[in-house]
Amino acid sequence: MAVVAELSSSSSYIKSTRLHTSQLSISSTHLSYLRRQTFRPVTRPRDATITCSVASDQVQAPIAVQAVDPKPKNDCYGVFCLTYDLKAEEETKSWKKTINIVVSGAAGMISNHLLFKLASGEVFGADQPIAMKLLGSERSFEALEGVAMELEDSLFPLLREVKIGINPYELFQDADWALLIGAKPRGPGMERAGLLDINGQIFAEQGKALNAVASPNVKVIVVGNPCNTNALICLKNAPKIPAKNFHALTRLDENRAKCQLALKAGVFYDKVSNMTIWGNHSTTQVPDFLNARINGLPVKEVIKDQKWLEEEFTEMVQKRGGVLIKKWGRSSAASTAVSIADAMKSLVTPTPEGDWFSSGVYTTGNPYGIAEDLVFSMPCRSNGDGDYELVKDIIFDEYLLQRITKSEAELLAEKRCVAHLTGEGIAVCDLPEDTMLPGEM
Ligand SMILES: NC(=O)C1=CN([C@@H]2O[C@H](COP(=O)(O)OP(=O)(O)OC[C@H]3O[C@@H](n4cnc5c(N)ncnc54)[C@H](OP(=O)(O)O)[C@@H]3O)[C@@H](O)[C@H]2O)C=CC1
Ligand SMILES: O=C([O-])CC(=O)C(=O)O
């Protein structure tokens, strides 16, 4: 198989492209040599031919040499094509087996923060090497290359592989984690039902691809909105993967709620615990101040202003995304990336005794009486193995139940609206009028 690439004379990256004149036929071995004075063999197919254009004064004559490494490896990006051997390198001998993380919407704003956090070791620790598969589209391919170049230039020791592409069936191969961020944002005049359909198609396709090629125990975090229903569509299209492995990101809402309670109580936010967000990542979400705690005490014993809790606090959390867009001009990206990292850390580290975290997870078998077969944000605990259990000792009052029922009704309506994508027949869209994403005004 011939790999055709162009080597920019001003930078050290390989870009898939067609050829033009003044080009040089060169093997991958020589290409590596041109890119770096010292190098280890690149793992490209034996017959890979790389054609590059370089300034004519740098090269005397065309060279054609066979690539040396017989081990085939799918397209890799730039410096990440260089081989490494974790066992042979003294300082990496104790490292764990590399994990594969795939990120969709990888050229978008959230990813631009998230990828660098993951590559730094912040989530999985300093002994966990990482391979990153960055999924984009035709429209974002150049931007993906830019992202990969920045990853190269960051010299993260734990980041051992980067691959960019537009085909989920290729990129999701053996994925251990899939962070599904890419989605079309709702534009002016666009109905929410239209958004559910367009984005639903993306998540149906990605569910099928995960089902076909990902690790059977892949953990999936859906961020692209409307994330709960997108997660439901994704899991329905991936019957081989346990439904329990799919999450819709509501950690940003949990973090926003903790921040507001801390502000009101005049404490730093590490004093706020047991914060549940119930329901949809939308303006019907329910930040639960009945079960949350401040300094270990029920919130209502610390903040005695029930009206503030029921009205101002709840609405502030539900609409935080919209207020931020007004001020910042675009939707939360950095804090969303932080919350994705938090959500992942919560699954790979044991939850502190007595505490819990929120995640949008599959409702079938839930102990709260919430309708089955939805993705609904609920309180979870993990022993750090990537899995979780729902928390049982939760109290409810009339206010909380009413609010939860409203969010449940919204998700049931969203589900009917995407029945054509979940294999449940003909879609009927009767969405409640006030159905909004947190970032919508
Ligand atoms: N759950 C949560 O808490 C939050 C969720 N979000 C959601 O996360 C998603 C990504 O946000 P953000 O990174 O800021 O967005 P960006 O617009 O910066 O990036 C989104 C990416 O989505 C991809 N995309 C996929 N399909 C389409 C399509 N049909 N039309 C346009 N773009 C598409 C684009 O990549 P490409 O061109 O490669 O396809 C683009 O790079 C949004 O859906 C947003 O609403 C945001 C904040 C919080
Ligand atoms: O509504 C949006 O697109 C952004 C979002 O989810 C949030 O800020 O919570």
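For ligands, and for the atoms within them, numbers begin at 1 and follow the listed sequence. Sequence positions, counted from 1, serve as the residue numbers for this chain. Just so you know, these numbers come straight off a predicted model, no measurement behind them.
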Ligand 2: which protein N/O atoms lie under 3.5 Å from its N/O atoms?
residue, atom, partner, partner atom, Å
ligand 2, 1 (O), G439, N, 2.7
ligand 2, 3 (O), N225, ND2, 3.4
ligand 2, 6 (O), N225, ND2, 2.9
ligand 2, 6 (O), H281, NE2, 2.7
ligand 2, 8 (O), R256, NH2, 2.9
ligand 2, 9 (O), R256, NH1, 2.9
ligand 2, 9 (O), R256, NH2, 3.4
ligand 2, 9 (O), H281, NE2, 3.1

Check: Considering only heavy atoms of S140, which atoms of ligand 1 have at least one such atom less than 4.0 Å away?
Finding: 36 (P), 37 (O), 38 (O)

Check: Which heavy atom of the protein is the closest neighbour of atom 40 (C) of ligand 1, given with residue, atom name and distance?
Finding: G108 CA, 4.5 Å

Check: With a 4.0 Å cut-off on heavy atoms, is C227 touching ligand 1?
Finding: yes

Checklist line | For L252, atoms of ligand 1 separated by under 4.0 Å from a heavy atom | finding: 3 (O), 48 (C)

Check: At what distance, to the nearest 0.5 angstrom, does CD1 of I130 lie from CD1 of I101?
Finding: 4.0 Å

Notebook entry, point to check: Considering only the protein, which heavy-atom contact is closest to atom 44 (C) of ligand 1, and what is its distance?
Noted result: N225 ND2, 3.7 Å

Item checked: salt bridge (charged side-chain N to carboxylate O under 4.0 Å, His left out) between K406 and E410, worked out -> CA-CA 6 Å; K406 187 174 178 197; E410 182 184 45; over 6 Å; no

Notebook entry, point to check: Are any of the N or O atoms of A183 closer than 3.5 Å to those of ligand 1?
Noted result: yes

Notebook entry, point to check: Is there a donor in the side chain of N225 and an acceptor in the side chain of N199, or the other way round, less than 3.5 Å apart?
Noted result: no

Note to self: Just to verify, which of F357, Y388, W177 counts as forming a ring pair (Phe, Tyr, Trp, His ring centres under 6.0 Å) with H247?
What the structure shows: Y388

Margin query: Closer than 3.5 angstrom, by distance alone: can the side chain of N280 be matched with the main-chain N or O of S407 as a donor-acceptor pair?
Written below: no

Checklist line | Protein heavy-atom partner closest to atom 29 (N) of ligand 1 - residue, atom, separation in Å | finding: K184 CB, 3.6 Å

Item checked: N or O contact, M109 vs ligand 1, cut-off under 3.5 Å -> yes

Notebook entry, point to check: Could you go step by step and tell me if T276 and W356 meet the side-chain hydrogen bond (donor to acceptor under 3.5 Å, both in side chains) rule?
Noted result: CA-CA 8 Å; T276 312; W356 60 71; 2.8 Å; yes

Check: Short list, please: which atoms of ligand 1 are under 4.0 Å from a heavy atom of G224?
Finding: 8 (O), 9 (C), 43 (O)

Next item on the list: Could you tell me which atoms of ligand 1, counted from 1 in the order shown, lie closer than 4.0 angstrom to a heavy atom of S332?
Entry: 47 (C)

Next item on the list: Check each heavy atom of I202 against ligand 1 and say whether those closer than 4.0 Å belong to the side chain, the backbone, both or neither.
Entry: side chain

Check: For F80, is the NZ or CZ atom of K163 found under 6.0 angstrom from the centre of its six-membered ring and inside 45 degrees of the ring axis?
Finding: no

Next item on the list: Decide, yes or no, whether a salt bridge links K208 with E205 under the criterion of side-chain N to carboxylate O below 4.0 Å.
Entry: no

Note to self: Would you say Y84 and E161 are linked by a side-chain donor-acceptor pair, where the criterion is simply a distance under 3.5 Å?
What the structure shows: yes

Next item on the list: Heavy atoms only: give me the nearest T283-L437 pair and the separation to one decimal.
Entry: CG2-O, 3.9 Å

Note to self: Tell me the protein heavy atom at minimum distance from atom 17 (O) of ligand 1, and give that distance in Å.
What the structure shows: P185 CG, 4.7 Å

Margin query: Pairing donors with acceptors under 3.5 angstrom, does anything connect the side chains of S346 and R251?
Written below: yes

Notebook entry, point to check: So which heavy atom in the protein is nearest atom 10 (C) of ligand 1, and how far is it from that ligand atom?
Noted result: I181 O, 3.4 Å

Checklist line | Ligand-residue contact atoms, ligand 1 with G136, heavy atoms, under 4.0 Å | finding: 38 (O)

Next item on the list: Identify which of L135, I110, I166 has a heavy atom lying nearest to atom 11 (O) of ligand 1.
Entry: I110

Next item on the list: Write out the residue and atom name of the closest protein heavy atom to atom 4 (C) of ligand 1, then the distance separating them to 0.1 Å.
Entry: H281 NE2, 3.7 Å

Check: Which heavy atom in I166 sits nearest to a heavy atom in L135, and how many Å separate them?
Finding: C-CD1, 3.6 Å

Next item on the list: Just need the protein heavy atom nearest to atom 36 (P) of ligand 1, so name the residue and atom and give the distance.
Entry: S137 OG, 3.2 Å

Next item on the list: Would you sort out whether R403 and T314 count as a side-chain hydrogen bond (donor to acceptor under 3.5 Å, both in side chains), showing the intermediate values?
Entry: CA-CA 10 Å; R403 295 289 178 126; T314 299; 5.2 Å; no

Notebook entry, point to check: Is there a donor-acceptor contact under 3.5 Å from the side chain of S358 to the main chain of I277?
Noted result: yes

Margin query: Under a 4.0 Å threshold between the charged nitrogen and the carboxylate oxygen, would E170 count as salt-bridged to K133?
Written below: no

Note to self: Tell me whether atom 19 (O) of ligand 1 lies less than 4.0 Å from at least one protein heavy-atom position.
What the structure shows: yes

Notebook entry, point to check: At what distance is the nearest protein heavy atom to atom 5 (C) of ligand 1, and which residue and atom is it?
Noted result: V223 O, 3.1 Å

Next item on the list: Output yes when E424 and K236 qualify as a salt bridge under the 4.0 Å nitrogen-oxygen rule, no when they do not.
Entry: yes

Check: Does R139 reach ligand 1 with a nitrogen or oxygen that is under 3.5 Å from one of the ligand's nitrogen or oxygen atoms?
Finding: yes

